[in-house]
Amino acid sequence: AVGRRRRRRRGGGGGGGEPLSALVPGSHAFVKVLHEPFLRVSPAASDFCRAGGHPQLANEAPVLYAGEVEVDAEGVLLRWNNLSGTYKGEDEKCYQTGLPLD
């Protein structure tokens with residue numbers, strides 16, 4: 001899935017969290033964990049389709065969806081996917097991420 005250029009937030013619940021601009025440019029692993037209103041996002045950047053660390057992000061919690069988000073230098077979401085290596089979410093369940101679907 002490829003999203004439009006939008007700012008997204010990660011981190012704490014209730015609208016809290018750090019803006020994606022807190023991340024270095026590049027691709028970052030993410031997981032969406034059951035009962036959490038945010039994505040867990042790795043601070044380590046990689047090339048798109050090469051981000052790793054999903055098991056560490058999940059920390060054995062039940063995962064609804066996993067993949068990568070790519071951000072530019074201003075923290076604008078460029079694109080995202082469902083590649084994680086260890087978990088392959090069904091395309092029709094990608095809405096669980098809260099990321100743009102267009």
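This is a predicted model, so every value here is computed, not measured. The first residue of the sequence shown is numbered 1, and numbering continues consecutively from there.
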Enumerate, atom names and distances included, each donor-acceptor pair closer than 3.5 Å involving a side-chain atom of residues 50-64, sequence neighbours excluded.
residue	atom	partner	partner atom	Å
His54	ND1	Ser84	O	3.3
His54	NE2	Gly67	O	2.7

Q: Taking all non-hydrogen atoms of both residues into account, name the closest pair between Ser42 and Leu23 and its distance.
A: O-CD2, 4.0 Å

(Q) So, using side chain to side chain donor-acceptor pair (under 3.5 Å) as the criterion, who are the partners of Asp47 when residues are at least two apart? (A) none

(Q) Could you tell me if the side chain of Asn81 sits less than 4.5 Å from the side chain of Cys49, heavy atoms only? (A) yes

Q. Which pair of heavy atoms, one from Pro43 and one from Val24, lies closest together, and at what distance?
A. O-CG2, 4.0 Å

Q. Can you find a heavy atom in the side chain of Val69 that is under 4.5 Å from one in the side chain of Thr97?
A. no

Q) Got Trp80 and Val71 here, is their nearest side-chain heavy-atom distance under 4.5 Å? A) no

Q.
Classify the ring geometry of Tyr65 against Phe30: parallel below 30°, tilted from 30° to 60°, perpendicular beyond 60°.
A. parallel

**Q.** Cluster overlap Leu99 with Leu83, hydrophobic side-chain contacts below 4.5 Å
**A.** no

Q: For His28 and Glu70, indicate whether the former's side chain and the latter's backbone hold a donor-acceptor pair under 3.5 Å.
A: no

